[in-house]
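Reading through the structure tokens given below for one structure.
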Protein chains: 2
Amino acid sequence: MGKDKKLNAEQKIIEAAADIFETKGFEGARMQQIADKAGINKALLHYYFRSKDLLFEKVFLKLAGKIFLKFIETFNIEGSIFDKIEMFLQIHQDLLYKNRKFPIFFFNEITRNPDLMRKLMLNLEISKKFQEITKQFDQEKKDGIIRQDVEVSHLIVNIISLSVFPYIGSPAIKEIMKEFDLNYEQFLDERRTMIAQFVINSIKV
Amino acid sequence: MGKDKKLNAEQKIIEAAADIFETKGFEGARMQQIADKAGINKALLHYYFRSKDLLFEKVFLKLAGKIFLKFIETFNIEGSIFDKIEMFLQIHQDLLYKNRKFPIFFFNEITRNPDLMRKLMLNLEISKKFQEITKQFDQEKKDGIIRQDVEVSHLIVNIISLSVFPYIGSPAIKEIMKEFDLNYEQFLDERRTMIAQFVINSIKV
DNA sequence: GTCTATATTGGGATAGAC
DNA sequence: GTCTATCCCAATATAGAC
């Protein structure tokens, strides 16, 4: 029986809060519900985190930080640009698949409060990572491996758009697919290989 | 001086509510703020719409209906599949450009309450429209104009992903671009032609 | 550190005059 | 149909015992 046999209150709160906030959003979440889920009293939330705002910020930065860390790790993949894109998409898709509720939550919260994005970037040095990958891709372009009219910033946004949007738009896609007896889970699965193919076709010379 | 010299209260409320809901979301919006913006009293909101829920549903379906109507109109464009994609993207981009706050609002609200999507579809017969365009694209595939491995449902989702995501993710993209002194507005503008090129490169034989 | 009880404010909703 | 005044519950936050 290690120290995690019984998590301390602070840790239990953070886990419960992450779950409630991710599902309901900051505005929709209730402190009572978080306390219930953590199995502790509501007053304890304020004892540890002072206010809903502060609890949210801590939880948001921790959760988003964890996910973005895994996300930017993939920038270090070695190999040709095509290998990089395929590997990047594989890992990225896995990450999304395991954190389906995260994208809409994340983008909604940073829309409500863009300062959260700024704070997240300071924590993770995201800009630096983007600069690195941009430089790598630009080199591949100079070497004539990909089309000369491919603009790297757009390529990156395109890759992310193609993999993230199906999760953000899932209630809409699901509802439309239901009409035609199509399976959303299968649809997501097909995209795992399809997206890489789609991107590579569009950039190769 | 026509009848719109002074809008009636109901109309003023709907316009004010659309604006507040779109910016703050259902959970974040306040009835008081809507009343203030409409220039009327809070009690009048309840007189006309009974509750916040009912006001929201009416406003959401009206706003989303208006935008989706313009969106699905583009399905009727005539010409080759490449013309269709280019025209569709042009109109779609204009629509998004004029309704920047709509995408994240829309997807957040249907995530909170998927039934809204179902109601919207019933109002607009969206499924039927999707079926029509799917059939058109499938024909182009049979005719050998586009790659045989292009799956039509994915192609449609890809096109929408590429144009909608930059708006959903705007606070993130803006923040990252700021670090490199890049201009988000210019970025959006570049995408107008880039996306069509990207898509067409990826599907042409 | 954790609880119960309570304060306080915010916000949706209603009563009733005009 | 529009207003002022008010109700009432929900939700954040605090006080204080243990």
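What you see is a predicted model; the values in this text were computed from it and never measured.
At a threshold of 4.0 Å, the pair B:E73-B:K70 does not count as salt-bridged, since none of the basic side-chain nitrogens sits closer than that to a carboxylate oxygen. Using a 4.0 Å cut-off between charged nitrogen and carboxylate oxygen, A:E132 and A:K135 do not count as a salt-bridge pair.
A cation-pi geometry, defined here as NZ or CZ lying under 6.0 Å from the six-membered ring centre and within 45° of its normal, does not hold between A:R100 and A:F102.
Put simply, CZ on A:F49 is 14 Å from C1' on C:dG1, counting in whole angstrom units. The separation between A:L45 atom CG and C:dT2 atom C1' is 12 Å, rounded to whole Å. Between the CD atom of B:E27 and the P atom of C:dG12 there is a distance of 10 Å, rounded to whole Å. What separates CZ of A:F56 from P of D:dA11 is a distance of 18 Å, to the nearest Å. Per the geometry, CG belonging to B:L44 stands 6 Å off P belonging to D:dC3, to the nearest Å. If you measure from atom CG of B:D53 to atom C1' of C:dA13, you get 12 Å, rounded to the nearest angstrom. Rounding to whole angstrom units, CG of residue A:N41 and C1' of D:dG16 are separated by 13 Å. The CG-P distance, from B:L55 to C:dG11, rounds to 16 Å in whole Å.
For A:H46, the side-chain atoms get nearest to D:dT14 when compared with the rest of D:dT14, D:dT4, C:dT2. Here D:dT12 is the nucleotide among D:dT4, D:dT12, C:dG1 with the atom lying nearest to any side-chain atom of A:M31. Which of C:dC3, D:dA13, C:dG12 sits closest to the side chain of B:K52 comes down to C:dG12.
For C:dG12, the base has a donor-acceptor partner in the side chain of B:K42 [N/O atoms by modelled type, under 3.5 angstrom].
Mapped onto DNA chain D by nearest heavy atom, A:R30 and A:R50 fall at different nucleotides, with A:R30 at the one closer to the 5' end. Place A:Y47 and A:A43 on DNA chain C by their nearest nucleotides, and A:Y47 ends up nearer the 5' end.
Aromatic pair A:F49/A:F56: ring centres not closer than 6.0 Å. Under the 6.0 Å cut-off for aromatic ring centres, A:F107 and B:F165 qualify, their centroids lying closer than that.
For the helix from C:dG1-D:dC18 to C:dC18-D:dG1, the terminal axes (five pairs an end, C1' atoms, rotation from four pairs onto the next four) enclose an angle of 10°, given to 10 degrees.
Residue contacts for B:A29: at a heavy-atom cut-off of 4.0 Å it reaches the sugar-phosphate backbone alone, with no base atom in range.
In plain terms, the two heavy atoms of B:I20 and B:A29 that are nearest each other are CG2-CB, 3.9 Å.
At least one donor-acceptor pair closer than 3.5 Å links the side chain of B:R191 to the backbone N or O of B:L162.
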